[in-house]
Amino acid sequence: MRKRIFAFTGMLCLACSFLLSCNNDDNDTQTPTIAVTTSKQHKDIVSANKEINAIIENVFGTESSVRSKINSKAKSPECATVTSEVTDDIKTVVIDFGERCELSNGEVISGSIRMTFSLQLDTESKIEIKYTLDKVVYKDITVTGNATTIFSFQNDTGNTKFTTNSDFSFAWKDNLTATSKTNFTTESFASDSNPDTPASLVFYSLVTGNSITEFSNGDKYTIEITIPLRNESSCEFIVSGVMVTKENSATITLNYGDGTCDNIATQTDADGNETTIEL
């Protein structure tokens, strides 16, 4: 009998050891990083958001009563037709790209954008701009949705600010779709670095904010600007700032440098490896 008890006890201990071992293995197992398969498509979304917002800011600067206050390097494409009408101090502007309009970045856009805004600053020196995309196609990607931009002007400093919240949907011909929500602010500052040049021609801007993009295949991207991205009126590249992008569970950090005007940035991947890249 005693041998049977010892045998049973030994089997019980062995079973417990096996279960504990399994539990420990489960606790030690980490969820593997799932690589994204939509990197190119996400870059196109970032590009589309940037170009559309730049067009809105530029057209607003041209069509509003505060055009002289706005510092911007953005230019509206010459191939776009802009029409407007005013009703009770509210201006409605339609930006029509036709069937094919080439942007400054070389990409092609079609369709139109309808925007409305007040012609006067409110008591807080702000103007709300609302716009809707109508049959917009960017690089063969159908883009739909709405956005709101708040323009503000600071009388004491002359600084201007555009804060945009957008909610766009993207669709590709292979049935892939995505939603992209952004919240970015661009604030421009007059620069006194060259007293012989008008302040309207010498300025810098700081961009802050974040975005989240989710694809129908499950890929998810988030962008967070942790150090404001600085643009100079005299440089075509971002000269400083840090942007952190999360691709599913992998984090990538992009450092634009120390303020030098160049096309170089430092990219750090999820494993901490640094790579110098050209923008």
Side-chain angles (χ1 to χ4, degrees), residues 39-40 42-58 61 69-75 103-107 149-154 156-166 180-213 221-247 250-279:
S39 178
K40 180 183 180 300
H42 182 247
K43 289 179 181 178
D44 287 339
I45 287 178
V46 172
S47 175
N49 281 327
K50 178 181 177 182
E51 292 300 321
I52 290 172
N53 289 337
I55 291 171
I56 293 298
E57 293 177 13
N58 182 265
K69 298 178 172 62
I70 298 175
N71 296 319
S72 175
K73 293 191 296 183
K75 295 182 179 180
L103 303 178
S104 58
N105 66 350
E107 303 298 347
T149 295
I150 303 296
F151 167 80
S152 60
F153 176 75
Q154 296 181 359
D156 54 341
T157 62
N159 298 343
T160 60
K161 182 186 297 185
F162 286 95
T163 299
T164 299
N165 286 278
S166 66
S180 178
K181 297 181 180 181
T182 71
N183 178 13
F184 288 109
T185 296
T186 301
E187 185 169 6
S188 296
F189 305 80
S191 174
D192 56 3
S193 59
N194 188 348
D196 297 326
T197 304
S200 60
L201 299 179
V202 181
F203 65 93
Y204 68 92
S205 63
L206 298 178
V207 180
T208 57
N210 55 77
S211 69
I212 180 170
T213 301
Y221 298 77
T222 61
I223 292 177
E224 182 76 29
I225 298 175
T226 56
I227 297 179
L229 306 183
R230 179 168 175 137
N231 292 270
E232 302 280 353
S233 58
S234 58
C235 183
E236 62 177 306
F237 303 104
I238 298 172
V239 300
S240 65
V242 175
M243 183 172 66
V244 178
T245 301
K246 191 170 183 180
E247 302 179 349
T251 301
I252 298 173
T253 301
L254 195 60
N255 189 324
Y256 287 92
D258 58 2
T260 303
C261 180
D262 57 34
N263 65 335
I264 302 299
T266 301
Q267 180 174 286
T268 305
D269 64 19
D271 297 322
N273 302 313
E274 292 188 355
T275 305
T276 299
I277 64 173
E278 293 186 3
L279 303 174

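All residue numbers in this chain count up from 1 along the given sequence.
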Item to check | Side-chain (Asp269) to main-chain (Asp271) donor-acceptor, under 3.5 angstrom | outcome: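 Yes, Asp269 side chain to Asp271 backbone: donor-acceptor pair under 3.5 Å.
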Checklist entry - So Phe151 and Phe162, would you call those rings parallel, tilted or perpendicular, with 30° and 60° as cut-offs? => result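 It falls in the tilted class, 30° to 60°.
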Next on the checklist: Determine whether Asn49 and Ser180 satisfy the following criterion, side-chain hydrogen bond (donor to acceptor under 3.5 Å, both in side chains), listing intermediate values before the conclusion.
Outcome noted: CA-CA 9 Å; Asn49 281 327; Ser180 178; 3.3 Å; yes
Checklist entry - Can you name the nearest heavy-atom pair linking Glu107 to Asn105, along with the distance? => result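 Nearest heavy atoms, Glu107 then Asn105: N-OD1, 3.0 Å.
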Next on the checklist: Show the nearest heavy-atom pair for residues Val242 and Leu229, with the distance to one decimal.
Outcome noted: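 Shortest heavy-atom contact: N-CD2, 3.8 Å.
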For the atom pair [atom1] ([X]) and [atom2] ([Y]), what is the distance rounded to the nearest 0.5 Å?
X: Glu232; Y: Phe203; atom1: CD; atom2: CZ; value: 9.5 Å
X: Asp262; Y: Glu278; atom1: CG; atom2: CD; value: 10.0 Å
X: Ile56; Y: Glu51; atom1: CD1; atom2: CD; value: 12.5 Å
X: Asn273; Y: Thr275; atom1: CG; atom2: OG1; value: 7.0 Å
X: Thr268; Y: Asn255; atom1: OG1; atom2: CG; value: 7.5 Å
X: Thr222; Y: Lys246; atom1: OG1; atom2: NZ; value: 6.5 Å

Next on the checklist: Evaluate Ile223 against Ile212 for side chain to side chain contact (heavy atoms under 4.5 Å, CB included), listing each step before the verdict.
Outcome noted: CA-CA 7 Å; Ile223 292 177; Ile212 180 170; over 6 Å; no
Next on the checklist: side-chain hydrogen bond (donor to acceptor under 3.5 Å, both in side chains), that's the test. Do Thr266 and Thr276 meet it? Break it down for me.
Outcome noted: CA-CA 5 Å; Thr266 301; Thr276 299; 4.7 Å; no
Can you check whether [X] reaches [Y] side chain to side chain, under 4.5 Å on heavy atoms?
X: Ser152; Y: Glu187; answer: no
X: Pro228; Y: Val207; answer: no
X: Ile238; Y: Ser240; answer: no
X: Thr245; Y: Leu254; answer: no
X: Thr253; Y: Met243; answer: no
X: Tyr221; Y: Ser39; answer: yes
X: Thr160; Y: Thr186; answer: no
X: Leu206; Y: Asn231; answer: no

Next on the checklist: Would Phe184 and Thr164 count as a side chain to side chain contact (heavy atoms under 4.5 Å, CB included) here? Give the steps.
Outcome noted: CA-CA 5 Å; Phe184 288 109; Thr164 299; 5.6 Å; no
Checklist entry - Within 45 degrees of the axis of the six-membered ring of Tyr256 and under 6.0 Å from its centre: does Arg230 put its NZ or CZ there? => result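 No, Arg230 does not lie over the aromatic ring of Tyr256.
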Checklist entry - Can a donor-acceptor pair be found between the side chains of Asn165 and Thr182 at a distance below 3.5 Å? => result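 Not at all, the side chains of Asn165 and Thr182 share no donor-acceptor pair under 3.5 Å.
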Next on the checklist: Checking Ala48 now: which residues fulfil side-chain contact (heavy atoms from CB on, under 4.5 Å) with it, not counting sequence neighbours?
Outcome noted: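 In terms of side-chain contact (heavy atoms from CB on, under 4.5 Å), with neighbours along the sequence ignored, Ala48 is linked to Tyr138, Phe170.
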Next on the checklist: Run Ser188 and Ser205 through side-chain hydrogen bond (donor to acceptor under 3.5 Å, both in side chains) and show every step you take.
Outcome noted: CA-CA 4 Å; Ser188 296; Ser205 63; 4.8 Å; no
Checklist entry - Among all residues two or more places apart in sequence or in another chain, which pass the side chain to side chain donor-acceptor pair (under 3.5 Å) test with Thr260? => result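 In terms of side chain to side chain donor-acceptor pair (under 3.5 Å), with neighbours along the sequence ignored, Thr260 is linked to Asp258.
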